[in-house]
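Only a predicted model underlies this, so the values are computations on that prediction, with no experimental measurement involved. Along the sequence shown, residues carry numbers from 1.
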Amino acid sequence: MKTTTRGPRGLGQLIFLAGLFALVADATAQQPAELIIRNGLIVTAVGRTEGDLRIRNGTIAEIGPNLTAAAGARVIEAKGMLVLPGGVDPHVHLTPTRTATTLKGADDYTSGSLAALAGGKTTISNFINQGADTDLRTTLTEAADLATKQAIADVIFTSLRAIRPS
């Protein structure tokens, strides 16, 4: 038994694609210009506050209690939830300092945070290596200095302590 499949061809295919494009464009155009996120625990660079968040055309426009939604605005209830300005990638392994043994293509804070931002993540949590003879404060200070120079996203550090063989 011979099986054949048929799909749109020629002019029919062009009409199909034009119709599909029109549907996608229409769906995109109907996104509300305003979004209100209500009653969440809003986390910003200066602290945390419970309240509402207004987003207009993709930009945070206002933070405050009991914000009034404009006509046609989308409203999301966030009681008991954190409202963060972007996603967090809690597990990355960056190589901010190049050495002779650094793998080709390894990401530093700049390339790693560019990739994170492209994927909607505004914070990355990098694992940093702490030498057996180095205290945690020194390790964190050195990592923070490098991140300040290289990163374009927010950075959180997780320390991996080297264990000295006995």
Side-chain angles (χ1 to χ4, degrees), residues 16-98 102-103 105-130 134-162:
F16 172 77
L17 291 173
L20 183 61
F21 179 78
L23 286 172
V24 170
D26 186 50
T28 304
Q30 296 204 11
Q31 293 295 320
E34 182 173 288
L35 170 67
I36 301 285
I37 302 175
R38 294 214 180 278
N39 304 312
L41 180 58
I42 302 165
V43 180
T44 67
V46 296
R48 299 177 296 179
T49 185
E50 287 193 31
D52 301 345
L53 181 76
R54 180 185 318 277
I55 300 171
R56 283 194 187 120
N57 298 316
T59 301
I60 297 172
E62 185 178 7
I63 296 173
N66 306 314
L67 298 179
T68 303
R74 180 176 176 204
V75 178
I76 298 174
E77 177 59 45
K79 183 132 182 97
M81 296 182 204
L82 290 174
V83 180
L84 303 170
V88 176
D89 187 340
H91 189 122
V92 298
H93 295 272
L94 301 176
T95 308
T97 305
R98 305 287 183 198
T102 300
L103 294 174
D107 283 316
D108 60 10
Y109 286 112
T110 304
S111 62
S113 54
L114 272 170
L117 291 168
K121 307 291 187 218
T122 59
T123 303
I124 53 178
S125 178
N126 189 36
F127 285 83
I128 57 174
N129 293 320
Q130 180 182 356
T134 308
D135 66 288
L136 182 59
R137 179 170 294 184
T138 301
T139 301
L140 286 172
T141 300
E142 289 171 359
D145 288 346
L146 273 173
T148 299
K149 292 174 188 169
Q150 295 180 1
I152 56 174
D154 292 331
V155 178
I156 301 168
F157 300 108
T158 303
S159 176
L160 299 175
R161 176 111 173 122

Could you grab the distance from atom CG of Asp135 to atom CD of Gln130, nearest 0.5 Å is fine? 7.0 Å
Let me confirm one number: the NZ-OG1 distance from Lys149 to Thr110, rounded to the nearest 0.5 Å. 12.0 Å
Heavy-atom pair of closest approach, residues Ala147 and Val155: CB-CG2, 4.2 Å
Atom CD1 of Ile76 and atom CG of Leu35: how far apart are they, to the nearest 0.5 Å? 4.5 Å
Is there a side-chain contact between Asp107 and Val92, using heavy atoms and a 4.5 Å cut-off? no
Whether Glu34 side chain and Ala70 backbone form a donor-acceptor pair below 3.5 Å: yes
I need the Asn126 CG to Asp89 CG distance, nearest 0.5 Å. 10.0 Å
So, does Arg54 use its side chain to make a donor-acceptor pair with the main chain of Gly64 at under 3.5 Å? no
From CG (Leu136) to CZ (Phe157), nearest 0.5 Å: 11.5 Å
What orientation do Phe127 and His91 show, parallel under 30°, tilted 30 to 60°, or perpendicular over 60°? tilted
I need the minimum non-hydrogen distance between Ala78 and Val83, along with the two atoms involved. CB-CG2, 4.2 Å
Short question: side chain of Thr59, backbone of Ile55 - any donor-acceptor pair under 3.5 Å? no
Is the backbone of Lys79 close enough, under 3.5 Å, to the side chain of Glu77 for a donor and an acceptor to pair up by distance? yes
Hydrogens and angles aside, do Ser125 and Thr158 bring a side-chain donor and acceptor to less than 3.5 Å of each other? yes
With sequence neighbours excluded, what pairs up with Ile63 under the side-chain contact (heavy atoms from CB on, under 4.5 Å) test? Ile42, Thr44, Thr49, Leu53, Ile60
Rounded to the nearest 0.5 Å, the CG atom of Asn66 sits from the CG atom of Asn39 at a distance of 7.5 Å
Could you tell me whether the side chains of Asp145 and Thr148 share a donor-acceptor contact shorter than 3.5 Å? no
Short question: side chain of Ser113, backbone of Tyr109 - any donor-acceptor pair under 3.5 Å? yes
Once salt bridge (charged side-chain N to carboxylate O under 4.0 Å, His left out) is applied, do any residues pair with Arg38, and if so which ones, sequence neighbours excluded? Asp52
Which heavy atom in Thr122 sits nearest to a heavy atom in Ala153, and how many Å separate them? O-CB, 3.6 Å
